[in-house]
Peer 1: 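Sending over a structure as structure tokens; questions will come in a sec.
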Amino acid sequence: MTFERPTLTQLIERAQGDIDARLPGADSRLRRNTLDVLARVHAGAMSGAYGMLDDISRFLPDVAESDRLRRWCSIFGIVPKAAVSATGTVTLTGNDDLTAGAGTILTRADGGRYVITADSTIAGTTATASVTAEGEGMAGAMDAGQSLTFLSPVAGIAAICTVDAPGLIGGVDDESDDALRARLLLRLRSPIRGGAASDYVSWARDVAEVTRAWVYENWDGLGTVKVLFVMDGRDDIIPTSDDVTLVATHIDPLRPVCAEVTVAAPIATALDLTIHPVPDSADIRAAITAELSDLISREAEPGGTILISHIREAISIAAGETDHTLTTPSANVTVSAGHISTLGTITWS
């Protein structure tokens, strides 16, 4: 039976009921009565005991949190993914031969700070400088075209610089308890077995930002293994070539010596939709878009199928929607091997 911690009010009522039952004629519910005081003191003590029991009940790995969860992970050699700072480049403008030195601080309008990581010398009135956010996590991300300002102006170099494409990216927050617990449970349910398909999934997901992975055995002959993966925390879930190299480098020393492993990114195939929602408003459109994004992140996989019934269901459960007409697609959507469905353009009719 599931343990359920009683509230302090419930404990007080229980204590008062017990006292009244054992002392005929007594009324422990009278305010400022000695029996009322005793009932409340007893209930307070029991609340602390029940609190300890509630904490103990969260010991097992499927409900463990914080330090206890990380202790379980340490037993199985699972390392929580640490936060990573956003990085990218900015364009400086100014007089030729002037240098913005490594360590120079740039600031964002909200006070966020960024560091130039290598000396950047102006040539032809511009220079490209590599920068890293001082703080870790997704909060350091910036879009291309946004501006940063020198904390201490450099004579001859414009005080404002511009973020280059594709922006300051790669910032990752500390791994959440839910994500870490999911990796722990995957390890417990599918223990490492010297190169089983589930091993490759675990190894891929050990890499920062990797959220889902798929393994294909003997895909190009006996002993060949192909690993595809995505990064759901990004606007574009498809990994870059650098991401593929990082995962491949992580898996290489862990794989069986006889396995020939290929790590690759799936190819995005946009799922375009034409929808007429009833009623139709900006809020309802946003809610439908969010539900469809969640559906695709849960069910899309390389070579997989998105059921049209699930698409209709996702639209129907959007907040505010009472009815809709789905024109496109008109049937289940199946992508080719190596391709994965991503949310494309929604046309509102």
Peer 1: Report yes if the side chains of M231 and V210 come closer than 4.5 Å at any heavy-atom pair, otherwise no.
Peer 2: yes

Peer 1: Mind checking whether D36 and L30 have side chains closer than 4.5 Å, heavy atoms only?
Peer 2: no

Peer 1: The test is salt bridge (charged side-chain N to carboxylate O under 4.0 Å, His left out); show your working for D67 and R71 and say whether it passes.
Peer 2: CA-CA 6 Å; D67 292 342; R71 183 175 178 183; over 6 Å; no

Peer 1: Mind checking the SG-CD1 spacing from C73 to I78? Nearest 0.5 Å is all I need.
Peer 2: 5.0 Å

Peer 1: Please tell me if the side chains of V261 and Y200 come closer than 4.5 Å, counting only heavy atoms from C-beta onward.
Peer 2: yes

Peer 1: Heavy atoms, side chains only, cut-off 4.5 Å: are L180 and L69 in contact?
Peer 2: yes

Peer 1: Quick one: does T262's side chain have a donor or acceptor within less than 3.5 Å of a partner on K226's backbone?
Peer 2: no

Peer 1: Between L246 and V227, is there a shared hydrophobic cluster once you connect ILVMFWY residues whose side-chain heavy atoms come closer than 4.5 Å?
Peer 2: yes

Peer 1: Which atoms form the tightest heavy-atom contact between G101 and D119, and what is the distance?
Peer 2: CA-OD1, 3.3 Å

Peer 1: For T211, give me all partners under side-chain hydrogen bond (donor to acceptor under 3.5 Å, both in side chains), at least two apart in sequence or on another chain.
Peer 2: D232

Peer 1: With R68, which residues qualify under salt bridge (Lys or Arg N to Asp or Glu O under 4.0 Å), at least two apart?
Peer 2: D55

Peer 1: Look up atom CD1 in I340 and atom CH2 in W214, then write down how far apart they are to the nearest 0.5 Å.
Peer 2: 4.0 Å

Peer 1: Is the side chain of T121 donor-acceptor paired with the backbone N or O of T99 at a distance under 3.5 Å, no angle test?
Peer 2: no

Peer 1: Might you point out which heavy atoms bring A268 and I238 nearest each other, and give the distance in Å?
Peer 2: CB-CG1, 3.8 Å

Peer 1: Check each of T345, I296, T342, L343 against L271 using the side chain to side chain contact (heavy atoms under 4.5 Å, CB included) test, and report the only one that passes.
Peer 2: I296

Peer 1: What pairs of residues pass the salt bridge (Lys or Arg N to Asp or Glu O under 4.0 Å) test when at least one of them lies in residues 272-282, not counting sequence neighbours?
Peer 2: D280-R285

Peer 1: Check the side chains of D164 and T89 for a donor-acceptor pair under 3.5 angstrom, ignoring hydrogens and angles.
Peer 2: yes

Peer 1: Only one of I288, I311, T347 clears side chain to side chain contact (heavy atoms under 4.5 Å, CB included) with L273; which?
Peer 2: I311

Peer 1: In the hydrophobic clustering (ILVMFWY, side-chain contacts below 4.5 Å, transitive), which residues join I56, or is it alone?
Peer 2: M52

Peer 1: Evaluate D20 against R29 for side chain to side chain contact (heavy atoms under 4.5 Å, CB included), listing each step before the verdict.
Peer 2: CA-CA 9 Å; D20 292 348; R29 292 172 176 79; 2.6 Å; yes

Peer 1: Please identify each residue that fulfils salt bridge (Lys or Arg N to Asp or Glu O under 4.0 Å) with D294, with sequence neighbours left out.
Peer 2: R298

Peer 1: Under the 3.5 angstrom rule, does the side chain of R212 hit a backbone N or O of L228 as a donor-acceptor pair?
Peer 2: no

Peer 1: Give, for atom CG of D199 and atom CZ of R187, the distance between the pair rounded to the nearest 0.5 Å.
Peer 2: 8.0 Å

Peer 1: Counting neighbours of CD on Q146 that are heavy atoms of other residues, nucleotides or ligands and sit closer than 6.0 Å, is the number greater than 12?
Peer 2: yes

Peer 1: Under 3.5 Å, is there a donor-acceptor pair between the side chain of T117 and the main chain of S130?
Peer 2: yes

Peer 1: Is the shortest side-chain heavy-atom distance between P302 and Y216 below 4.5 Å?
Peer 2: yes

Peer 1: Roughly how far, to the nearest 0.5 Å, is OG of S202 from CG of L184?
Peer 2: 10.5 Å

Peer 1: Would a single hydrophobic cluster contain both V90 and L98, if residues Ile, Leu, Val, Met, Phe, Trp and Tyr are joined by side-chain heavy-atom contacts under 4.5 Å?
Peer 2: yes

Peer 1: So do the side chains of I122 and L92 get within less than 4.5 Å of each other, counting heavy atoms only?
Peer 2: yes

Peer 1: Do F150 and V131 share a hydrophobic cluster (ILVMFWY, side-chain heavy atoms under 4.5 Å, transitive)?
Peer 2: yes

Peer 1: Does the pair K81/D206 count as a salt bridge with the N-to-O cut at 4.0 Å?
Peer 2: no

Peer 1: Can you list the residues that meet the side chain to side chain contact (heavy atoms under 4.5 Å, CB included) rule with E134, with sequence neighbours excluded?
Peer 2: I105, R113, V115

Peer 1: Any chance you could pull the hydrophobic cluster mates of I267, using side-chain heavy atoms under 4.5 angstrom and chaining through other members?
Peer 2: none

Peer 1: May I ask you to decide whether D178 forms a salt bridge with R181, counting only side-chain N to carboxylate O separations under 4.0 Å?
Peer 2: yes

Peer 1: Test question: given the 4.5 Å side-chain rule for I, L, V, M, F, W and Y, name all other residues clustered with L222, or answer none.
Peer 2: none

Peer 1: Would you compute the distance between atom CG of D323 and atom NE2 of H276 and round it to the nearest 0.5 angstrom?
Peer 2: 8.5 Å

Peer 1: Would you name the heavy atoms of I284 and A319 that are closest together and state the gap between them?
Peer 2: CG1-O, 4.0 Å

Peer 1: Would a distance-only check, ignoring hydrogens and angles, find a side-chain to backbone donor-acceptor pair under 3.5 Å from R183 to V79?
Peer 2: yes

Peer 1: Is the backbone N or O of A82 less than 3.5 Å from a side-chain atom of D174, with the two atoms forming a donor-acceptor pair by type?
Peer 2: no

Peer 1: Report yes if the side chains of F229 and V201 come closer than 4.5 Å at any heavy-atom pair, otherwise no.
Peer 2: no

Peer 1: Could you state whether I160 and V154 fall into the same hydrophobic cluster, counting links through intermediate Ile, Leu, Val, Met, Phe, Trp or Tyr residues with side-chain heavy atoms under 4.5 angstrom apart?
Peer 2: no

Peer 1: Can you give me the closest heavy-atom contact between A39 and Q16, atom names plus distance?
Peer 2: CB-CG, 3.7 Å

Peer 1: Go through Y114 and T132 one step at a time and tell me if the side chain to side chain contact (heavy atoms under 4.5 Å, CB included) criterion holds.
Peer 2: CA-CA 5 Å; Y114 298 80; T132 299; over 6 Å; no

Peer 1: Checking the side chain of D173 only, and the main-chain atoms of A83 only, is there a donor and an acceptor separated by less than 3.5 Å?
Peer 2: no

Peer 1: Please give me the minimum heavy-atom distance between S341 and V333, naming the atom from each residue.
Peer 2: OG-CG1, 4.5 Å

Peer 1: Does R255 have any salt bridge (Lys or Arg N to Asp or Glu O under 4.0 Å) partners at least two apart in sequence or in another chain, and if so, which?
Peer 2: D252

Peer 1: Got a donor-acceptor contact below 3.5 angstrom from the Y50 side chain to the L8 backbone?
Peer 2: no

Peer 1: So, do P191 and S198 sit near enough that their side-chain heavy atoms are less than 4.5 Å apart?
Peer 2: no

Peer 1: Ignoring hydrogens and geometry, is there a side-chain-to-backbone donor-acceptor pair from S28 to L35 under 3.5 Å?
Peer 2: no

Peer 1: Quick one: pull up NE2 in H42 and CG in L38 and give me the separation to the nearest 0.5 Å.
Peer 2: 10.5 Å

Peer 1: Salt bridge or not for D18 and R14, using N-O below 4.0 Å?
Peer 2: no

Peer 1: Say whether, by atom type as modelled, one donor and one acceptor occur between the side chain of S47 and the main chain of A43 under 3.5 angstrom.
Peer 2: no

Peer 1: I'd like to check the side-chain hydrogen bond (donor to acceptor under 3.5 Å, both in side chains) partners of E299; sequence neighbours left out, ordered by chain and number.
Peer 2: H310

Peer 1: List the atom of A197, the atom of V215, and the distance in Å for their closest heavy-atom pair.
Peer 2: O-CG2, 3.4 Å

Peer 1: Examine I237 and L295 and state if one hydrophobic cluster contains both, with Ile, Leu, Val, Met, Phe, Trp and Tyr joined whenever side-chain heavy atoms are less than 4.5 Å apart.
Peer 2: no

Peer 1: Mind checking salt bridge (Lys or Arg N to Asp or Glu O under 4.0 Å) for D243 and listing every partner two or more places apart, or none if nothing turns up?
Peer 2: R234

Peer 1: Taking ring pair (Phe, Tyr, Trp, His ring centres under 6.0 Å) as the test, write out the residues that go with W72, two or more places apart.
Peer 2: F59

